[in-house]
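Take a look at the structure set out below.
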Amino acid sequence: MEKPEYLFKNGKRLDGRKLDEFRKMKIKVDVIDNAEGSAEVEFGKTRVVAAVYGPRELHPKHLVMSDRALLRAHYDMLSFSVEDRKRPGPGRREVEISKVLSEAFRSVVALDRFPRTGIDVFVKVVQADASTRITGLNAASVALAHAGIPMRSMVTGVTFGKIYDDKGKTYMAVDVFKPEDQWGMADVAYAKAWNTGEVVLLQMDGDVTKEEFMEGKKMADKAMEYVYKEQVKALKSVYEVE
Amino acid sequence: MEKPEYLFKNGKRLDGRKLDEFRKMKIKVDVIDNAEGSAEVEFGKTRVVAAVYGPRELHPKHLVMSDRALLRAHYDMLSFSVEDRKRPGPGRREVEISKVLSEAFRSVVALDRFPRTGIDVFVKVVQADASTRITGLNAASVALAHAGIPMRSMVTGVTFGKIYDDKGKTYMAVDVFKPEDQWGMADVAYAKAWNTGEVVLLQMDGDVTKEEFMEGKKMADKAMEYVYKEQVKALKSVYEVE
Amino acid sequence: MEKPEYLFKNGKRLDGRKLDEFRKMKIKVDVIDNAEGSAEVEFGKTRVVAAVYGPRELHPKHLVMSDRALLRAHYDMLSFSVEDRKRPGPGRREVEISKVLSEAFRSVVALDRFPRTGIDVFVKVVQADASTRITGLNAASVALAHAGIPMRSMVTGVTFGKIYDDKGKTYMAVDVFKPEDQWGMADVAYAKAWNTGEVVLLQMDGDVTKEEFMEGKKMADKAMEYVYKEQVKALKSVYEVE
Amino acid sequence: MSNNILRKNIIDLLKGGQRIDGRGLDDFRKISIQTGVVEKAEGSALVNIGSTQVIVGVKMDVGEPFPDTPGEGVLMTGAELTAMSNEEFERGPPGEDAIEIARVIDRTIRESKVVPVEKLGLDDGKVWMVFVDMYTMNADGNLIDAGTLGAMAALMTARMPKYEDGKVIREPGKALPVTGKAVAATFAGINGHILVDPEEREESVMDARLTIGMRDGKIVALQKGGNGSFTDEQIEGMFDRALAHEKKLLKHLK
Amino acid sequence: MSNNILRKNIIDLLKGGQRIDGRGLDDFRKISIQTGVVEKAEGSALVNIGSTQVIVGVKMDVGEPFPDTPGEGVLMTGAELTAMSNEEFERGPPGEDAIEIARVIDRTIRESKVVPVEKLGLDDGKVWMVFVDMYTMNADGNLIDAGTLGAMAALMTARMPKYEDGKVIREPGKALPVTGKAVAATFAGINGHILVDPEEREESVMDARLTIGMRDGKIVALQKGGNGSFTDEQIEGMFDRALAHEKKLLKHLK
Amino acid sequence: MSNNILRKNIIDLLKGGQRIDGRGLDDFRKISIQTGVVEKAEGSALVNIGSTQVIVGVKMDVGEPFPDTPGEGVLMTGAELTAMSNEEFERGPPGEDAIEIARVIDRTIRESKVVPVEKLGLDDGKVWMVFVDMYTMNADGNLIDAGTLGAMAALMTARMPKYEDGKVIREPGKALPVTGKAVAATFAGINGHILVDPEEREESVMDARLTIGMRDGKIVALQKGGNGSFTDEQIEGMFDRALAHEKKLLKHLK
């Protein structure tokens, strides 16, 4: 695909959204029977499943910590979730994302309640249309809650980016999808512990001024509320049924 | 090599055998000094060596079972045992064959007599002309007996396949060799615990009716007796000498 | 680069040295703050850093020896230390060199003074112009002394080789550099425990008569004194300063 | 519940002709198949057999043929027993269970010749590579039959990318040629009882397992698994039962 | 000293506006950069930030472009946290720390577009591969900023090999095109205090870390690390401080 | 028997000039070589030195030359210390012992130039790859000398495949060119005594080991192994003894 002439025109992004508009979002809880907690989140065509196991015995032994649980996120993509087949097994990108996802949850989950154990959060991208790590983070957050693991707060994330119109003017936009990820001028993954507003995940590729970043962040903070409410709604629905 | 016009003609297979005829078979016991038990078996040009070590301490520790031994078969091919060099080290095919060989022996060997130990059965294909896993199984069986490891029965295997003549008629045939493996319509690996007749290994690739399979199995059951007798003869010879 | 017509002419090697002449040599001690001992050695353009950690707890546990320390040398090259980028991580060559370097020190270091521990000697080639393992050995020897690890002797090494002139006559020469390593007829790595004259490392590739070898060895034994003195000088300088 | 007690309970039930989840010995659990579940894949299917759920996708690429089969496409089948799908599964490269499952699924697909690889050559000597990858989403037994159904459904609905001037263009083109339908039925033997479609608790106590791959009333693949054994009669019985199941399984493939 | 005691000591000092090595909260340690330190490399640099020392080298080779960017060179960044450089580092393939560090350095270099990869294509369809490899010599914290400086300095002084008749000739040719300068500034958050250029003791007790990659007064990369978090205000504050450091860091790049 | 007691026993015997199996210090065990033992291999040999048995095979394929030696064939030597051949050997990728053994065998074959790699180029720029792989069948010491004999015998009897229209045809063609014969003799040093062809019990207690690779009365490879050392005199003595063994070893190579 050639670089498009614009990513934004007449107030609309390539998929018709406004700058602060989210893609269609779906959250389903309890999608994996065997897991203690699980959730599937869709942001448009991006679809990610998360499942939680633990607190449980931790291997290998040398990772055991006497005062708290080790929480590890394991992010991976199905081989057919992307255009060109991804070789099975985690590569460098997956290792890095697993690390930042793990770190995003460690200050929020009450790990000191489960010393000497492990909590595993599996995040599988079923279909990728950008924002997969943040979609996965939102799913993981719901799955942890569904597993009944105590957390200080729900963790909620959005992406935002910098896109251009046909005059070369640039704009900040939330919930980046594939063409914006590929051709836009910046791509930010951003997540907070909702109750406290602490930033637990922040990554950026791109080229922005401080002001642009702050403008995007403001849009993202607003959008986050929408995502958070969807997370809560999905969780409530499952507890009402159960 | 091009696909041949026939694998069977005028009552003869490409190497001159009849349908129920075995290739020349040789069994040699005690071929590896350092092993507790060992044997080399040839089915025509297929030659496989098996050696047994154990019962012995088992590593890694997490594999140890408190009520019995862990028997593991390790099948591999020498890099120069085949036309195109095989990369050293076991690939997916070797892992699968090692698994089915291990399973073929586990109900027959008195594993509960040796709790917390490991029994290793190494199977190396020195030259491959089809039927290598079954040749290896027959060698492993003799090697286990030679090692003095108690078994409810000798384990004995044969292969059978489905081949065609120049009129397109098909036939079942025992002890498949390379062109029959490559060009025939089915290839079955089949082994029994001789004393009880229990089927401990069964794998097939191909395309057969139930009736064809049963016909081949009947031939194989008969051929198995021949193999079994050779196994016993080889073992006796070594015990008479010793 | 094409094979040169000669490696020696008019009493001079390609870099102007005489047969028994060393390249410019530099030894720097205490180059890595975090290590217990460290040294950098240059033989001409070959530059190697060695660092020592230990005696310290040894992992994995099954390597622990109840009566002495396990000394392990770990030789590797920076990816950009050679003409064609070396893939990161040790290959077969690096494994072999690490083994012979480990063995060169094990009879010299008082390992029985530190039972159940490990001593790690890291050897990194920063720039390679032949003789890297011997340059590394000399650095490791100084680093071990700098770490205060008791040794029966300094370990000192030199390389020697067999080179040719434009008439096809051959000569033995000490301290081989790249063109001599690549185009010469023999390449010897050679090291001794200085105090006792025991040979602790000896490897050769090439083609020599016994007499040629002995001639080269004699030159090397003489050259070794020079290297040894530089090692001692470098160590003294650091202890005077400290 | 320890495995010994579970086994005793299961055997006690089987003596009365019953299974732990109430099924008859020859009953599959409820099967459902949904195709086209991953747009980015050339073909995909989500298969449920009871609470076992697997997702299978097909990706295609252009590559070199094997030297001994010039002009023929290459079919590769992989399986990941994801740690997400069962507490017992571990992360890391495929273990012997995953390898066996992938190879048995592969065997049924390949030997049934439902994908005519000889039609997957390209003009420039290159060939289509067809990657069929299965991932377990929730693993509750009988992964082979689920994976085989998924592979078949994904292949049947796959649309090939285009190939122009030596480049793969990822727009859905014509359908992948598929010339028939293959399925597999797996049986577990537990203390002499033979039951189809074992769930995980049954697998955890079974003596042996037999998978029968079929096409058009014929047997295309067999794989005995497990540490135990079968009698001749049991095997013949499983053939008859499997061939009866073939028709029922095929109904789920459109 | 146990980590808890160290953390308490460091926090006590920070309350008085002091750091464990006497620096102010917004002071980098002494920086020095030496280029051309490895003749065999196309470019190289030895960087000291305090007692942290890293060596970075550039090697170039000719290879195939990525299918989606024909005609564009390929930039690859690696990092080895050598076991030689710190007692805590282990031998073996790169772990998650090394991978993260390499990828963050890569991000600043790549997103700042200082290496115009579109100029690294070759006439025969092949392209230049630029390998940037960092090795830690002595690891005492803030490896990302050191590695970014080293990568930048090595790239700026790199001379390309020649390429004739499909062969790479390893003689220093013209300079690798580099169109600008990028740097990174990393901050640690410890109990609400934000300090730049953390040394190892500070990293061992920090709550969280933020790396800010910059070019020309703009932000080109961000990476939050560590198990803790930052407030919105802290992030905005770090942006301002980072952009002020940019100029100072650039002075070390000739 | 513990290693310490074994060592004491062996040394006591050596003081009287005796070895544990009755040999003299300069005696090899009985050697036998059988070639053509694997028809599928281009060349093969089964070598016994006492109860040490190794099998070596040669396979050839067509591939790309190394960039710095265009037109030259590639010789690769591998060794597997099979877990089948000795209780102490473990499964898995080659460890440092297997790698050293392979590389020392390789060194003698390569440096003796018995295989003229410059004659193994092909018209289309490709070259022959010659893979020499050794497997231990029963490992009872001195694997290097056994492997070197096996490699030599397998090479000397190897017949090259054919190469037509860019394809390897696996029919035995003309003999692989081999222009001479190389052998190796390995000595063990135990408490000052030097003995040739150590068996496994001797290797398990030896101080050091020296392997001397030879061709035509000249030394082509040396490798000292083991944690101990040799004196200058011992080394010179081993050279003389090795060169005397060369002739005897060559008799086993037809």
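The chains referred to below are lettered A, B, ... by the order of the sequence lines, with proteins before strands, and numbering in each begins at 1.
Ring pair Phe213(A)/Phe239(E): centre-to-centre distance below 6.0 Å.
Nearest heavy atoms, Pro177(E) versus Pro116(E): O-CD, 3.2 Å.
Among Glu212(A), Met214(A), Glu83(A), Arg92(A), the residue with the largest count of heavy-atom pairs under 4.5 Å with chain E is Arg92(A). Ranked by non-hydrogen atom pairs under 4.5 Å with chain E, the options Val200(A), Asp84(A), Leu201(A), Asp221(A) are led by Val200(A). Per-residue counts of heavy-atom pairs under 4.5 Å with chain E were compared for Lys99(A), Arg106(A), Arg93(A); the largest is that of Lys99(A). Heavy-atom pairs under 4.5 Å with chain A were tallied for Gln234(E), Glu100(E), Arg107(E); the largest tally goes to Arg107(E). Most heavy-atom pairs under 4.5 Å with chain A, from the set Asp207(E), Asp232(E), Leu210(E): that is Asp232(E). Top candidate by heavy-atom pairs under 4.5 Å with chain E, chosen from Val100(A), Val95(A), Asp205(A), Thr196(A), is Asp205(A).
Heavy atoms of Ala221(E) lying under 4.5 Å from chain A belong to its backbone as well as its side chain. Both the backbone and the side chain of Glu236(E) come within less than 4.5 Å of a heavy atom of chain A. Heavy atoms of Val208(A) lying under 4.5 Å from chain E belong to its backbone as well as its side chain. Looking at Met185(A), there are no atoms closer than 4.5 Å to chain E (heavy atoms on both sides), in backbone or side chain.
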| field | Test side chain to side chain donor-acceptor pair (under 3.5 Å) applied to Asp197(E) and His245(E), step by step | value | CA-CA 11 Å; Asp197(E) 179 28; His245(E) 279 296; over 6 Å; no
| task | I would like to know whether Asn142(E) and Glu200(E) meet side chain to side chain donor-acceptor pair (under 3.5 Å); could you show each step before the answer? | result | CA-CA 7 Å; Asn142(E) 199 12; Glu200(E) 198 203 17; over 6 Å; no
| message | Applying side chain to side chain donor-acceptor pair (under 3.5 Å) to Thr156(A) and Gln231(A), what does each step give before you reach the verdict? | response | CA-CA 8 Å; Thr156(A) 304; Gln231(A) 289 177 306; 2.7 Å; yes
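The salt bridge (Lys or Arg N to Asp or Glu O under 4.0 Å) test applied to Lys178(A) returns no partner, not counting sequence neighbours. In terms of the salt bridge (Lys or Arg N to Asp or Glu O under 4.0 Å) criterion, Asp27(E) has no residue partners (sequence neighbours excluded).
For Lys218(A), the NZ atom sits in a loose shell: 12 or fewer heavy atoms of surrounding residues, nucleotides or ligands are nearer than 6.0 Å.
Using cut-offs of 30° and 60° for the angle between ring planes, the Phe8(A) and Tyr171(A) rings count as tilted.
Taking non-hydrogen atoms and a 4.5 Å limit, the residue list of residues 90-98 of chain E in contact with chain A, ordered by number, reads Glu96(E), Asp97(E).
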Anything under 3.5 Å between a donor and an acceptor, one on a side chain of residues 212-219 of chain E, the other on a protein residue two or more places apart or in another chain? List them.
unit_1, atom_1, unit_2, atom_2, d
Arg215(E), NH1, Ser112(E), O, 2.5
Arg215(E), NH2, Thr179(E), O, 3.0

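There is no side-chain donor-acceptor pair under 3.5 Å between Ser85(E) and Tyr135(E).
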